[in-house]
2 protein chains.
Amino acid sequence: MIESHKLNLGQNHILDSLSAAEYQRLSPHLELVVLPLGEIIYEPGDELRYAYFPTTCIVSMLYVMESGAPAEIAMVGNDGIIGVSLFMGGGTMPNRAVVRSVGYAYRLRAQLLLQEFNRAGGVRNGTLHDMLLRYTQGLITQIAQTSVCNRHHFLDQQLCRWLLLSLDLLTSNELIITQELIANMLGVRREGITEAVGKLQKAGLLECRRGRITVLDRPGLEERVCECYQVVKTEFDRLHLTSRYTPSTSYMPLHSGGLVRNESLSSRQAQMKQG
Amino acid sequence: MIESHKLNLGQNHILDSLSAAEYQRLSPHLELVVLPLGEIIYEPGDELRYAYFPTTCIVSMLYVMESGAPAEIAMVGNDGIIGVSLFMGGGTMPNRAVVRSVGYAYRLRAQLLLQEFNRAGGVRNGTLHDMLLRYTQGLITQIAQTSVCNRHHFLDQQLCRWLLLSLDLLTSNELIITQELIANMLGVRREGITEAVGKLQKAGLLECRRGRITVLDRPGLEERVCECYQVVKTEFDRLHLTSRYTPSTSYMPLHSGGLVRNESLSSRQAQMKQG
DNA sequence: GACTTTATGTGCGCTACCGTACCGACTGCG
DNA sequence: CGCAGTCGGTACGGTAGCGCACATAAAGTC
């Protein structure tokens, strides 16, 4: 695979993993666009005209309840793509995608993405088809883990998870976002975030001004975060969805060892016993 | 498409949607097996030797926390397949699949599934490839909605959702399961389930004996359930994942209308204002 | 029937988070 | 500068669900 062709593609991991041939076919049609904060990429039921490959922006997929209250399902950054429903076959999704951190993204006409996705090739490893499905599997894990986290972990821990996942999609250690918005993402009260942020700030892990949170001590966050963060991160690594790995046309087969079964025990209970 | 070939396939919806050609290739390798309650199909990290197409059983995908406490991510019945990671490319998943309602399933060697999935065909509509991806998109919605429900709805409503989703995968109105297990699925205390079941029972919607819940008034449950149930159900219908629709090689294109944006409002708040 | 095991019902104090209200402080704009 | 609008901090009572400890009851075993 030729490396030089990637120079102007920015840092979207899916695009970076394209083969030279795929790149040649797609690159003329990739448009770099700015996605401003709050921009809605799609609403529930909207058919997408473009797929988006974020490079520096972060997009949230969120379900909007009947009451109007939103809840974040997953976040997508330079590791992924907005428009999974295009190649998964549903055409639309019952959620909203909204930009929650300004930045760039490459966009590609839906039809072209689909065409490349459906391109019949003998060996699939390393193709866009493969990469997109693998990313989608990672997305499933992220969504599932959000669900688990919602149920079982304290707000402080959830906030840590959210901050760390966000940091991983950014180049700086600064999040430009209001506490109110974070509350919306996590589906909690704004005051709850204020309190949780306050704790982290007192512990010297954060510094925050209006609409801006600066992470001072990342390891500190990692100490306080629940297991959910690491589960998602590990799975993304395993699926070669992070920039740490550069999948080639002949990457390592995906497999891992087993895991021991545990006794049934509520998580809160376990946390009590630890504390 | 020939209808008669489906007679002995039972009622798995994915298998039912196979084209005649696909059926001819796969049917000799489909084995009908009994999946006993509690059977673990896979553990986190396990590579699957078979994919399973449930017909009368229900399998839960659940994440097992470090503490040992499980939490249901999604449930799979005659509408789906166990072994999504096979064709999504990850090989394994960081969760456990366990049978939570005895019954039958067809199993198919992993390699054969993959072979058929990767079969290069010009037109994709109606193929196994298509159906599997569409099912996976439905799965994503189910998982996402579970997440939302975990965060925002009362236990009573969540229980209704869980009961209704389960009923949709069964032929009878009887669930053979202990309250303890339901609690594990929903990630709550056993006593919480006892209380919620008690309410529904007093309302005359249920009847329950040891390890067995009989639903007497399904419409009653539907009145009490939160929006999450309908969202999942509607999405599955739209994706032609329910037996109501019989996708052919030229099914209707998938699209739908828009949805109005709402004011931000916490769901609890909304529920308060209604009550 | 006697005994064990497992499932369900109930009560009680506790706490994380909720809803509400209000106040101060920062920021952008004229 | 002054003002308006937004954002963040604090306080307070309320509650859904928690952990814990038992009591009861149904099914299985011998």
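Residue numbers begin at 1 in each chain, while the letters A, B, ... track the order of the sequences.
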- request: Can you figure out which of dC18(C), dG17(D), dG8(D) approaches the side chain of Gln179(A) most closely?
  value: dG8(D)

task: Give a yes or no on whether Glu39(B) atom CD has more than 12 heavy-atom contacts from other residues, nucleotides or ligands under 6.0 Å away.
output: yes

task: Whole angstrom is fine here: how far is it from NE2 in His152(A) over to P in dC18(D)?
output: 9 Å

- request: Would you indicate what Val197(A) reaches in the nucleic acid, counting non-hydrogen atoms under 4.0 angstrom: base, sugar-phosphate, or nothing?
  value: nothing

- request: Ignoring hydrogens and angles, answer whether the base of dC20(D) and the side-chain atoms of Glu191(B) contain a donor-acceptor pair closer than 3.5 Å.
  value: yes

task: Show your working on salt bridge (Lys or Arg N to Asp or Glu O under 4.0 Å) between Arg224(B) and Asp156(B) and close with a plain yes or no.
output: CA-CA 8 Å; Arg224(B) 299 184 171 228; Asp156(B) 308 40; 5.7 Å; no

Carboxylate-amine/guanidinium proximity below 4.0 Å for Arg100(A) and Glu72(A): yes

field: Distance in angstrom units between Gln157(B) CD and dG17(D) C1', rounded
entry: 14 Å

field: Out of dC18(D), dT20(C), dG8(D), whichever nucleotide has its closest atom nearest the side chain of Thr178(A)
entry: dG8(D)

- prompt: Can you check the Ile177(A) CD1 to dT6(D) C1' distance for me, whole Å?
  reply: 15 Å

query: Regarding Thr55(A) and Asn78(A), is there a side-chain donor-to-acceptor distance under 3.5 Å anywhere?
result: no

statement: side chain to side chain contact (heavy atoms under 4.5 Å, CB included) test vs Ser101(B) passes for just one of Leu170(B), Thr56(B), Leu175(B), Val59(B), namely Leu170(B)

message: I'd like to know if the side chain of Thr178(B) pairs up with that of Arg212(B) as donor and acceptor (distance under 3.5 Å, no hydrogens or angles considered).
response: no

- request: Rounded to the nearest angstrom, tell me the gap between atom NE2 in His153(B) and atom C1' in dC18(C).
  value: 16 Å

task: Of all the heavy-atom pairs spanning Leu241(A) and Asp79(A), show the shortest one and how long it is.
output: O-CB, 3.8 Å

query: Closest to the Arg189(B) side chain: dT8(C), dC18(D), dG8(D)?
result: dC18(D)

query: From the list dT10(C), dC17(C), dA7(C), which nucleotide is the closest neighbour of the side chain of Leu155(A)?
result: dC17(C)

statement: Separation of dC7(D) atom P from Leu181(A) atom CG, nearest Å, is 8 Å

- prompt: Taking five pairs at each end, how big is the angle between the two axes of the helix from dG1(C)-dC30(D) to dG30(C)-dC1(D), to 10°?
  reply: 30°

message: Using whole Å, what does the distance between atom C1' of nucleotide dG9(D) and atom CZ of Arg190(A) come to?
response: 7 Å

message: Can you pull out the residues from residues 198-205 of chain B that lie within a 4.0 Å heavy-atom distance of DNA chain D?
response: none

message: Other residues, nucleotides and ligands only: do more than 12 of their heavy atoms fall within 6.0 Å of CD on Glu223(A)?
response: no

query: Once you round it to whole Å, what is the distance between P of dT15(C) and CG of Asp156(A)?
result: 15 Å

query: Looking only at side chains, do Arg151(A) and Ser147(A) share a donor and an acceptor under 3.5 Å apart?
result: no

- prompt: Would Arg161(B) count as a cation-pi partner of Tyr229(B), with NZ or CZ less than 6.0 Å from the six-membered ring centre and within 45° of the ring normal?
  reply: no

Residue met sooner reading DNA chain C from 5', once Glu195(B) and Gly192(A) are mapped to nucleotides: Glu195(B)

- request: Would you mind reading off the distance between Leu206(B) atom CG and dT8(C) atom C1', rounded to a whole angstrom?
  value: 15 Å

query: Hey, does Gly211(B) reach any base, or is it just sugar-phosphate, or nothing, if we go heavy atoms under 4.0 Å?
result: sugar-phosphate

task: Look at atom CZ of Arg49(A) and say whether more than 12 heavy atoms of other residues, nucleotides or ligands are closer to it than 6.0 Å.
output: no

Listing time: all N or O pairs from protein to nucleotides 24-30 of chain D that are below 3.5 Å?
residue : atom : partner   : partner atom : Å
dA26(D) : N3   : Arg210(B) : NH1          : 2.9

field: Atom CD of Gln201(B): over 12 foreign heavy atoms under 6.0 Å
entry: yes

